[in-house]
Amino acid sequence: MNANGKRTGGDSRRLVRVASVASAALVAGLLSGSGSQADEKSPPSVELAYECTLPPASGGDATAPAVKLEATVKVSTQAPTTAVTGHPIQIGPVQVETRLPRAELAELLPAGAELTSEATLGVEVRQNKDTADATWSGLGARSTVPADGPDITLTHTGDVSSVTVNASGVIELLARQLVLTVSPANASPVTATCSPAEDADPLLARIAVPDDPGTDPGGSSPSDTPTGKGDKSPRDGLTVTPKDEPKAEEATCGPRPSGDPDLSQVPLPPGADPAVYPIEGLQACAYAAGLATVRKQDGSMIINDPSASPALMDVNGAMQAASYPYPEDPTKVYLRLDSVGKLTLPDATSTFLGFGFVPVTAKVSFENSPITISTGNMRDEFDPFAVVTFVQTLRIRSVKVNGTSLPVGDNCRTKTPFRVTLRGKFGPDGSGSYVNVFAGGLLSGKVTIPGFTGCGVGGENLNPLFTASISGPDNLISMNQAPVCGLDPWGAFGCPPVMATLPPYKLP
């Protein structure tokens with residue numbers, strides 16, 4: 001301020017700069033992915049009525065009538081509320097939850113059957129008078145047919161196409177045909193082809209693209225507008241770029257991790273120490289992908305993005321066992337298998353819109369300790385547990401606002417490493433989301449992110465800004481591990497490693 005109490009030009013520029021850094025800090029935590037991520041709130045959900053056709057259930061009789069049924073489809077997206085021209089708009093990750101009436105599927109999908117399912121949703125993209133077709137494919141799900149109840153629910157998740165526009169105007173995404181391929185563990189796959197019901201409103205999301213001085217509101221495409229790679233469906237200034245297909249077949253397992261497991265988080269028999277036995281174990285590797293939520297920002301972000309260049313986790317599987325027979329009841333035994341994993345996560349980079357119009361990019365590095373994976377049961381198969389734990393430090397390596405670097409220094413990081421502990425969820429019958437390290441599955445937990453230190457250069461202290469924007473308790477993390485590729489003495493199995501799918505937004 002000057003002597004009269006008025007703000008000078010230098011003060012105004014400083015306020016803009018600090019506000020820009022604050023915008024970058026909002027998403028700088030457990031961040032991954034690319035594309036516009038503007039105004040991320042809880043994923044908007046739209047529930048739609050669909051009509052599905054399935055093949056006849058009578059043993060492949062060509063004269064039997066097809067099965068007709070009604071379904072409810074709930075689509076949740078991470079679409080931003082605003083975007084800018086010439087920048088890819090990342091819509092995903094996407095969740096497609098499909099509820100099918102159980103009665104009509106009794107012959108095709110018997111009760112108790114374990115299912116894997118893949119969904120492909122057609123989406124029409126509209127802006128002004130332009131349209132383009134997007135295909136949201138490769139959305140995966142895993143479930144079990146319930147023994148009772150009215151519905152079978154399949155929750156599919158995954159990354160989807162990005163959209164780039166070269167003109168201002170509202171973008172609308174509309175749901176079209178849905179194809180489900182459901183594969184029971186011991187039966188032939190079942191394919192359902194579904195279309196929105198006649199009275200359904202298929203609108204999934206609206207994205208506002210405000211006027212920009214360099215764009216033509218009529219929808220023409222400037223010749224210097226950047227375009228994405230891959231096959232595209234251009235329509236006069238509106239481009240859909242399919243997600244990059246993961247190249248899992250090129251991946252191979254690394255060395256077997258060494259070291260002792262961290263048993264600080266595993267459940268133990270009350271008042272007893274189980275006997276621990278080293279065993280040979282199995283060299284293996286697997287993909288794991290997840291979502292992390294920074295609670296203060298109410299936004300979910302991708303960890304080890306399956307559509308980018310995800311890292312493999314190397315595993316020393318079942319390298320030790322533990323047991324304890326309960327003396328008061330010889331039929332009850334505590335059993336546990338411990339594994340050690342090593343996962344070097346790729347840097348996380350995301351471009352989003354600060355203040356609804358300023359592109360902001362933040363990059364984060366993850367430093368993880370070895371990962372301990374412990375599975376077993378406390379007394380019998382009806383009280384299982386699954387625990388994954390490791391220690392992590394976050395480093396913020398670069399921040400840019402509208403392409404201009406905002407230096408945070410070389411040592412901007414959390415003050416201390418923090419523990420990440422994820423657990424599987426199990427039902428009363430012993431079935432659950434994560435059985436063992438070899439089969440993989442879903443784990444979740446909450447972490448407390450410490451304050452930040454070392455942020456800022458030239459005497460400028462940005463630590464309070466990052467701490468206020470990110471640090472705190474109750475930040476939910478969910479990870480989905482795919483089955484392992486194992487290298488045993490008799491040959492490989494499950495190889496090449498299968499790409500992991502993203503967890504659902506709402507955990508079971």
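The figures here come from the full heavy-atom set of this structure, side chains too, leaving out hydrogens, waters and symmetry mates. Along the sequence shown, residues carry numbers from 1. Given the structure is predicted, the values throughout are model-derived calculations rather than measurements.
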State, with a plain yes or no, whether a side-chain heavy atom of Val182 is found less than 4.5 Å away from one of Leu154. yes
Would Cys495 and Cys253 count as a disulfide pair, i.e. SG atoms separated by less than 2.5 Å? no
Going by an N to O cut-off under 4.0 Å, is there a salt bridge joining Arg379 and Glu328? yes
Side-chain donor-acceptor pair under 3.5 Å between Thr389 and Arg419, yes or no? yes
Residues Gln481 and Tyr434: side-chain donor-acceptor under 3.5 angstrom: yes
Check against side chain to side chain contact (heavy atoms under 4.5 Å, CB included), Leu394 and Phe366: CA-CA 5 Å; Leu394 299 182; Phe366 306 87; 3.5 Å; yes
Hey, are the side chains of Phe452 and Ser471 touching, using non-hydrogen atoms and a 4.5 Å cut-off? yes
Does a side-chain heavy-atom distance below 4.5 Å link Pro101 with Leu69? yes
Distance check, rounded to the nearest 0.5 Å: Leu180 atom CG versus Thr193 atom OG1? 8.5 Å
Step by step, work out the side chain to side chain contact (heavy atoms under 4.5 Å, CB included) result for Val315 and Phe438. CA-CA 10 Å; Val315 177; Phe438 305 113; 6.0 Å; no
Asn436 (side chain) donor-acceptor with Ala439 (main chain) under 3.5 angstrom: yes
Please name the pair of heavy atoms, one in Pro503 and one in Thr157, separated by the smallest distance, quoted to 0.1 Å. O-CG2, 3.3 Å
Quick test of your reading of the model: are Arg102 and Asp151 salt-bridged, counting only N-O distances below 4.0 Å? no
Side chains of Thr331 and Asp329, donor plus acceptor under 3.5 Å: yes
Using a distance-only test with no angle check, is there a side-chain donor-acceptor pair under 3.5 angstrom linking Ser76 and Ser45? yes
Is any side-chain heavy atom of Thr421 closer than 4.5 Å to a side-chain heavy atom of Val387? yes
Can you list every salt bridge (charged side-chain N to carboxylate O under 4.0 Å, His left out) pair that touches residues 283-292, not counting sequence neighbours? none
Is there side-chain contact between Arg99 and Glu47, with at least one heavy-atom pair below 4.5 Å? yes
How close do Pro306 and Leu502 get, heavy atom to heavy atom, and via which atoms? CD-CD2, 4.0 Å
Give me the atom names and distance for the closest heavy-atom approach of Val340 to Pro257. O-CG, 3.8 Å
Pair Thr120-Ser137, side-chain donor/acceptor within less than 3.5 Å: no
With a 4.0 Å cut-off on N to O distance, would you call Arg176 and Glu124 a salt bridge? yes
Could you give the distance from CG (Leu335) to OG (Ser323), rounded to the nearest 0.5 Å? 6.0 Å
Could you state the interatomic distance from CG (Asp314) to OG1 (Thr252), rounded to the nearest 0.5 Å? 9.0 Å
Test your reading of the model: is there a side-chain donor-acceptor pair from Asn475 to the backbone of Val447, 3.5 Å cut-off? yes
Specify the closest pair of heavy atoms between Asp262 and Ser264, including all atoms of both residues, with the distance to one decimal. OD1-OG, 2.8 Å
To the nearest 0.5 Å, how far apart are CZ in Phe426 and CG in Asn377? 10.0 Å
Between Lys68 and Thr53, do the side chains contain a donor N or O and an acceptor N or O under 3.5 Å apart? yes
With a 3.5 Å distance limit and no angle check, can you tell me whether His156 reaches the backbone of Val96 through a side-chain donor-acceptor pair? yes
Pairwise distance CG(Leu48) to OG(Ser195) - rounded to 0.5 angstrom: 12.0 Å
Is there a donor-acceptor pair under 3.5 Å between the side chain of Asn304 and the backbone N or O of Ala311? yes
So, Asp338 and Ser374: side-chain donor and acceptor under 3.5 Å apart, yes or no? yes
Might you point out which heavy atoms bring Ser161 and Gln90 nearest each other, and give the distance in Å? O-NE2, 4.2 Å
Identify the two heavy atoms, one from Pro450 and one from Thr416, that lie closest to each other, and give their separation to 0.1 Å. CG-O, 3.4 Å
Going by heavy atoms in the side chains, are Glu70 and Cys52 under 4.5 Å from each other? no
Heavy-atom side-chain contact between Ile373 and Met313 under 4.5 Å: yes
Applying ring-ring contact (aromatic ring centres under 6.0 Å, His included), name anything that partners Tyr326, two or more places apart in sequence or on another chain. Tyr324
When you compare the side chains of Thr393 and Arg413, does any donor N or O come within less than 3.5 Å of an acceptor on the partner? no
Separation between CG of Asp380 and OH of Tyr334, rounded to the nearest 0.5 Å: 14.0 Å
Output, in order, the C-alpha distance, side-chain angles, deciding distance and verdict of side chain to side chain contact (heavy atoms under 4.5 Å, CB included) for Ser433 and Lys425. CA-CA 6 Å; Ser433 63; Lys425 294 189 176 182; 4.2 Å; yes
With Asp159, the side chain to side chain contact (heavy atoms under 4.5 Å, CB included) member among Thr501, Ile91, Leu139, Asp305: Asp305
Residue pair Ser339 / Thr372, side-chain heavy-atom distance below 4.5 Å: no
Hey, mind stepping through Leu54 and Thr191 against side chain to side chain contact (heavy atoms under 4.5 Å, CB included) and telling me if it holds? CA-CA 6 Å; Leu54 289 85; Thr191 299; over 6 Å; no
